Amino acid sequence: MQLNIQRPILYSYFRSSCSWRVRIALALKGIAYDQVPVNLVKDGGQQFSAEFKAVNPMQQVPALKIDGITITQSLAIIQYLEDTRPNPRLLPQDPKKRAQVRMISDHIASGIQPLQNTSILNKMGERKVEWAQQCITSGFQAIEQILQHTAGRYCVGDEISMADLCLVPQVGNAERFGVNLAPYPTITRINKALLELEAFKVSHPSRQPDTPPELRS
């Protein structure tokens, strides 16, 4: 495959957990890129603009322009990066471990995050925080149980994987909505270890071009 050498462009929102997953992957793989912020709140949501709809008809972030194509959906983006730039690996070569990584990733990306994303919460009115807490708590109960069988230092064994890229942003969401993390010691331990790594630090919402000054660190 011949790759276009033009610098990739990531359409992202600092607080978007889906965008955060992709930022971590790009950082881990050492891929330099430009970032175009898409504010999901300002002006009724910049993702609904005609300009951005031309980038992603689903009107969601992230979207990545790379190698002459535009890819949307965070896990599809990460899998493309894995296929075209496999070092370091984010999907284990062992089929069983690979399946476990995909399972945990999908539990978070399909089973937790969509239920508490901005578009859903905007419809919940005064129950917004309560709903988010409920969705995350239910999901984390399952993830904690799964990790008892898969985790080493990280979600699956001792190597960083796509599952870890999904876990950290979801813990960030949990903290933002005031979820009690005490019942999830494995999730908490893995999250703490990952946040000590440079790729996770530079990808953090508090360090993005569109992070508001009061939330910067």
Side-chain angles (χ1 to χ4, degrees), residues 7-49 51-52 55-56 59-66 72-75 77-78 81 90 108-109 112-114 116-122 124 128-129 131-133 135-136 140 154-155 160 162-182 184 187-217:
R7 192 177 173 104
I9 299 172
L10 177 66
Y11 294 81
S12 173
Y13 178 53
F14 79 101
R15 191 171 260 167
S16 159
S17 56
C18 301
S19 299
W20 190 354
R21 298 170 196 156
V22 174
R23 294 195 302 259
I24 299 169
L26 291 165
L28 284 168
K29 291 180 177 290
I31 302 169
Y33 64 97
D34 295 321
Q35 196 168 155
V36 176
V38 180
N39 193 310
L40 304 186
V41 179
K42 187 177 179 182
D43 303 325
Q46 294 174 349
Q47 71 273 27
F48 299 120
S49 69
E51 181 182 3
F52 185 69
V55 175
N56 182 6
Q59 300 172 297
Q60 298 170 338
V61 292
L64 183 69
K65 288 187 175 181
I66 187 169
T72 61
Q73 295 297 327
S74 62
L75 298 193
I77 293 171
I78 293 168
L81 296 177
L90 298 176
I108 296 170
I112 304 176
Q113 189 277 330
Q116 52 88 115
N117 70 7
T118 302
S119 62
I120 298 297
L121 294 182
N122 285 341
M124 296 306 297
K128 179 184 299 188
V129 173
W131 174 260
Q133 290 175 341
C135 295
I136 296 169
F140 272 13
Y154 304 120
C155 284
I160 296 171
M162 183 169 67
D164 300 297
L165 276 58
C166 293
L167 184 73
V168 167
Q170 191 57 55
V171 174
N173 284 345
E175 292 173 337
R176 183 156 64 94
F177 291 113
V179 173
N180 177 18
L181 295 175
Y184 318 114
I187 290 175
T188 301
R189 172 183 63 78
I190 293 170
N191 182 68
K192 182 179 179 182
L194 290 165
L195 285 175
E196 292 174 356
L197 304 176
E198 185 63 21
F200 286 80
K201 290 180 180 178
V202 300
S203 308
H204 196 275
S206 64
R207 297 179 60 176
Q208 299 314 301
D210 56 331
T211 305
E214 65 273 17
L215 297 178
R216 287 192 171 278
S217 68

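Since this is a predicted model, take the numbers as computed values, not measurements.
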Intermediate values then yes/no, side chain to side chain contact (heavy atoms under 4.5 Å, CB included), R207 and R23: CA-CA 11 Å; R207 297 179 60 176; R23 294 195 302 259; over 6 Å; no
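- Checking side-chain atoms of Q208 against main-chain N and O of V202 turns up a donor-acceptor pair under 3.5 Å.
- Distance OG1/T211 to OH/Y13: 9.5 Å, rounded to 0.5 Å.
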Apply the test side chain to side chain contact (heavy atoms under 4.5 Å, CB included) to residues V41 and R15: give CA-CA distance (whole Å), side-chain angles for both, the deciding distance (0.1 Å), then the verdict. CA-CA 11 Å; V41 179; R15 191 171 260 167; over 6 Å; no
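- The 12-atom threshold is exceeded at CD of Q35, counting heavy atoms of other residues, nucleotides or ligands nearer than 6.0 Å.
- For D210, there are no salt bridge (charged side-chain N to carboxylate O under 4.0 Å, His left out) partners two or more places apart in sequence or in a different chain.
- When all heavy atoms are compared, the tightest approach of K201 to L195 is CG-O, 3.4 Å.
- No side-chain heavy atom of I24 sits less than 4.5 Å from a side-chain heavy atom of R21.
- The closest side-chain heavy-atom distance from I160 to L165 is below 4.5 Å.
- Without hydrogens or angle criteria, N39 side chain to Q46 main chain gives no donor-acceptor distance under 3.5 Å.
- Between atom OH of residue Y33 and atom OG of residue S12 there is a gap of 7.0 Å, rounded to the nearest 0.5 Å.
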Take V61 and Q47 through the side chain to side chain contact (heavy atoms under 4.5 Å, CB included) test and state the conclusion after the steps. CA-CA 8 Å; V61 292; Q47 71 273 27; 5.5 Å; no
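- Without hydrogens or angle criteria, S74 side chain to S19 main chain gives no donor-acceptor distance under 3.5 Å.
- No side-chain heavy atom of P205 sits less than 4.5 Å from a side-chain heavy atom of L215.
- In plain terms, the two heavy atoms of Q133 and F177 that are nearest each other are NE2-O, 2.8 Å.
- Listed by first and then second residue, the side-chain hydrogen bond (donor to acceptor under 3.5 Å, both in side chains) pairs involving residues 187-200 amount to none (not counting sequence neighbours).
- Here CG of L197 is found 9.0 Å from CG of D164. Values are rounded to the nearest 0.5 Å.
- The closest side-chain heavy-atom distance from S203 to L28 is not below 4.5 Å.
- Atom CD of E214 is separated from atom OG of S206 by 12.5 Å, given to the nearest 0.5 angstrom.
- No side-chain heavy atom of S17 sits under 4.5 Å from any side-chain heavy atom of I108.
- In this structure, L81 CG and I31 CD1 are separated by 4.5 Å, a value rounded to the nearest 0.5 Å.
- A search for salt bridge (charged side-chain N to carboxylate O under 4.0 Å, His left out) contacts involving K29 returns E82, not counting sequence neighbours.
- Separation of atoms CG (L64) and CG (N56) is listed at 12.0 Å; rounding is to 0.5 Å.
- With hydrogens and angles disregarded, no donor-acceptor distance shorter than 3.5 Å links the side chain of Q59 to the backbone of F52.
- Residues D43 and F48 have side chains not in contact (no heavy-atom distance under 4.5 Å, counting atoms from C-beta outward).
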Please assess L167 against Y154 for the test side chain to side chain contact (heavy atoms under 4.5 Å, CB included), listing each intermediate value before the final yes or no. CA-CA 10 Å; L167 184 73; Y154 304 120; over 6 Å; no
